[in-house]
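Every chain is numbered from 1 and lettered A, B, ... according to where its sequence line falls, protein lines coming before strand lines.
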Protein chains: 2
Amino acid sequence: MADGPTINTIAERAGVSIASVSRVLNGLPTRQETVRKVMAAADELGYVRNAVARSLKSRRTHQVAFAMADVGNPAYLAMLREIQPVLKSAGYRLVLHSTDAVVADEIDVLHSLGERYVDGLIMSPLRVTEAHLELLAAARAPVVIIGSVPDGTRVDNVRADSGTGVRLAIDHLYALGRRRIAMVNGPLDTVPGAARGAAYREALGDLGLPYDDDLVQIGDFYRAEGARAVAELLARVPGVDALMCANDLIALGALDVLRAAGKRVPEDVAVVGMDDTDLAAASWPSLTSVSLGSAERGKVAAELLLDRLRGEGGEPRRVTVPPHLAVRASTSGPAHDRTPDPGHGDTDGRTDRKGSGA
Amino acid sequence: MADGPTINTIAERAGVSIASVSRVLNGLPTRQETVRKVMAAADELGYVRNAVARSLKSRRTHQVAFAMADVGNPAYLAMLREIQPVLKSAGYRLVLHSTDAVVADEIDVLHSLGERYVDGLIMSPLRVTEAHLELLAAARAPVVIIGSVPDGTRVDNVRADSGTGVRLAIDHLYALGRRRIAMVNGPLDTVPGAARGAAYREALGDLGLPYDDDLVQIGDFYRAEGARAVAELLARVPGVDALMCANDLIALGALDVLRAAGKRVPEDVAVVGMDDTDLAAASWPSLTSVSLGSAERGKVAAELLLDRLRGEGGEPRRVTVPPHLAVRASTSGPAHDRTPDPGHGDTDGRTDRKGSGA
DNA sequence: TTGTAGGCGTTATCAG
DNA sequence: CTGATAACGCCTACAA
């Protein structure tokens, strides 16, 4: 781990000036003889450019930060999976921040943009506060927000459309003949919880179905809480024939409880999840789930940011990625008669490629 | 996005020298009056330190790279989840590399260490080649390898013990009274495939069970291939009473096929997976799975690296993380009578916290 | 074609 | 306690 060689070392060894070394290294016109000497010296010394010094001079780090709320959340991981290759192929390194769902940490990340250790930032905040907006307005590097920002905020942003997503699911259930469609939601004081709850109500209205408080159960976005919520719901409304769950974990909890209660899925009760995570394809019966396009949003965000990094100016852009419904066994047809369809889930096969090395 | 203020800007404004500014900013002894002037100027200008310039001067970037083969692989993600907080709390940023299982990319990462854009590297290579070893020997920054390296390699490394892992599973099945225990493996020319296959054979031998070629089926590490393999196995050996699967996806495929064949799990056939991914807890019946401690390995690797970054020298260290068996419904007792136990899986509840923002 | 010199933004040494 | 000044490693006018 001796001190690495610099262009000075090379210059000495090759008997030329550091300017010539730099020229050769950057492919600028130089005499053949000089090129040879420099290359030889560089090779022998095992020279590698110092990225920090280059950055200081060029004012570009070739790094982009992605700030996610939670490294454990599959939705963010889906974004990450798409963002990574896009940035990589454009020559950028990815700096990963996990803000642990702490707003102060998000603010820190925004603030640290001023340190110029990255050329740009993609951020998926839980909630956009006043502090966010101020820092965004003053940001010294391009930022793309994945999520919604207030109208008028001058930032590129890529949003999901959970309203339409819920509607796709409800329409699907309705088309299957279900009429007592319940909603199992997470807390209403979260952005997704509120949005999904409202969308459910609207979708019912548009179909001419009555909104019934008894059919709505609030729990939390976890499996155990989902199970508990569904158990209560079932006790109150035994005749429910479909469950719209606010995420996949809740839906898994629902399957647990339905099974224990002797209900068949989907014959007696159809179940729909949201987010279309890997778990949806893995469960049994496999889970119909609303994809809000996390992967797509990540990809679009990365591309928007790259545009800015290429110097493209212009008005802030707002992209909405359409949701889609991944239909699986938990709603469509008699699951118990179906032959297994291992390749069904669209995420199968790219998970867990080789196990882990010994 | 005007050019940000530097210590020069501040110095001018406060009417002091840049040296004084630097002192104040770094908390070095300075007259109160000077401190006040500098702080005031810095505040008004919204000054933020330039990380690149600091790095150039200090020769430390406060960044660490983690190179994984595949951003989609749950085993690596488990490592990432542990590595991230450890580094963060020590003040390091995480640079994420996905090498897409391409050896050349891994070599690139190793080579780029010379660019000094990070202070250290954690790498989980698929396979360690000669090229790896050469670069590791010449590395200009500390490296920790997650995985096995040849004896004598002078690098810290953290390894799993899949041999013991397989044995835990086989012993468990044996204790449950299973005697016709089959192995559904991935390709034998992969490191995990070979290791797991050999471990299976040994474990049987130690229990005094005969090794039977008919009980071994090779497929690939995916769900569909796993299903196919199990179907063949079942056709050949209808009386098999336990399946040791080389990873969780194969095990999910096994569940698909067993269900279609009318076999009950675990009454007729017990099933064990490996890697203990989120999918294991999500499936139904939930899957007993051998954890090779991916999370733990990530954590240990990060800690080893931090030691080195703190300047601790000494001989390369080799840590082996012990595997453990996560027992769930697919082996233990009559799954169909059990009440749902949504909180059972040890990864539940930290997955998909809030869904994705609208 | 090549070398000298200045600067990117900080930190740190060394006189005053 | 403070202010010049010299690095850190690289790039790039400008001059030779």
Side-chain angles (χ1 to χ4, degrees), chain A residues 1-39 41-42 45-63 112-119 140-141, chain B residues 1-39 41-42 45-63 112-119 140-141:
Chain A
M1 281 194 221
D3 247 29
T6 74
I7 53 172
N8 283 287
T9 329
I10 297 182
E12 270 181 49
R13 179 152 186 146
V16 299
S17 75
I18 62 168
S20 290
V21 175
S22 178
R23 275 185 216 106
V24 172
L25 260 26
N26 292 311
L28 297 178
T30 317
R31 184 157 40 119
Q32 270 311 313
E33 174 58 11
T34 311
V35 173
R36 207 178 357 260
K37 284 192 292 187
V38 169
M39 294 306 257
L45 292 166
Y47 173 78
V48 182
R49 276 184 177 78
N50 182 312
V52 177
R54 304 192 95 199
S55 294
L56 180 58
K57 180 71 192 169
S58 67
R59 293 154 162 281
R60 312 204 93 218
T61 60
H62 296 286
Q63 293 191 156
S112 71
L113 259 191
E115 295 181 21
R116 320 222 72 131
Y117 65 96
V118 286
D119 298 337
R140 296 230 170 79
Chain B
M1 286 198 216
D3 246 30
T6 73
I7 53 173
N8 283 287
T9 331
I10 298 181
E12 272 180 48
R13 180 154 185 145
V16 298
S17 74
I18 61 167
S20 288
V21 176
S22 178
R23 273 184 218 106
V24 172
L25 262 23
N26 292 310
L28 297 178
T30 317
R31 185 160 38 123
Q32 271 309 314
E33 174 59 13
T34 310
V35 172
R36 206 180 358 261
K37 284 192 294 189
V38 170
M39 292 307 258
L45 292 167
Y47 172 79
V48 182
R49 277 183 176 78
N50 182 311
V52 177
R54 303 191 96 198
S55 293
L56 179 58
K57 185 67 193 167
S58 68
R59 295 154 160 281
R60 310 203 96 220
T61 60
H62 297 285
Q63 293 191 157
S112 72
L113 259 191
E115 295 180 21
R116 318 223 71 133
Y117 65 96
V118 285
D119 298 336
R140 296 231 172 77

Would you mind reading off the distance between [X] atom [atom1] and [N] atom [atom2], rounded to a whole angstrom?
| X | N | atom1 | atom2 | result |
| --- | --- | --- | --- | --- |
| A:L56 | D:dA7 | CG | P | 17 Å |
| B:R60 | C:dG9 | CZ | P | 24 Å |
| A:Y117 | C:dG9 | OH | P | 19 Å |
| A:N8 | D:dC8 | CG | P | 8 Å |
| A:I10 | C:dT2 | CD1 | P | 16 Å |
| B:R59 | C:dT10 | CZ | P | 19 Å |

- Message: So if I define the base as every atom that isn't primed, P, OP1 or OP2, how would nucleotides 11-16 of chain D read as a B/S/- string at a heavy-atom cutoff under 4.0 Å?
- Response: BBB---

- Query: What distance do B:N50 atom CG and B:L56 atom CG have between them, rounded to the nearest 0.5 Å?
  - Reply: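 Output value for this atom pair is 10.0 Å.
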
When you check the phosphate oxygens OP1 and OP2 of [N], does a side-chain N or O of [X] lie under 4.0 Å from one of them?
| X | N | answer |
| --- | --- | --- |
| B:R116 | D:dG9 | no |
| B:T34 | D:dC1 | no |
| A:S17 | C:dG3 | yes |

Between [options], which one does the side chain of [X] approach most closely?
| X | options | answer |
| --- | --- | --- |
| B:N50 | C:dT2, C:dT10, D:dC8 | C:dT10 |
| A:S20 | D:dC10, C:dT2, C:dG9 | C:dT2 |
| A:R31 | C:dG9, D:dC8, C:dT2 | C:dT2 |

- Message: Could you tell me if A:S112 and A:Y117 have a donor-acceptor pair between their side chains, going purely by distance under 3.5 Å?
- Response: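 Short answer, yes.
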
- B:V24 and side chain to side chain contact (heavy atoms under 4.5 Å, CB included): which partner among B:R36, B:M39, B:R31?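 Of all the options given, the one that passes is B:M39.
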
- Qualifying residue for side chain to side chain contact (heavy atoms under 4.5 Å, CB included) with A:R116, from A:R60, A:Q63, A:R140, A:R59: A:R140

- Verify side-chain hydrogen bond (donor to acceptor under 3.5 Å, both in side chains) between A:R13 and A:N8, making sure each step is shown before the conclusion. CA-CA 9 Å; A:R13 179 152 186 146; A:N8 283 287; over 6 Å; no

- Do the side chain of B:S17 and the main chain of B:S20 share a donor and acceptor less than 3.5 angstrom apart? yes

- Between the main-chain N or O of B:Q32 and the side-chain N or O of B:T34, is there a donor-acceptor pair closer than 3.5 Å? no

- Message: Over all strands shown, is B:V16 touching base, sugar-phosphate only, or nothing at heavy-atom distances under 4.0 angstrom?
- Response: sugar-phosphate

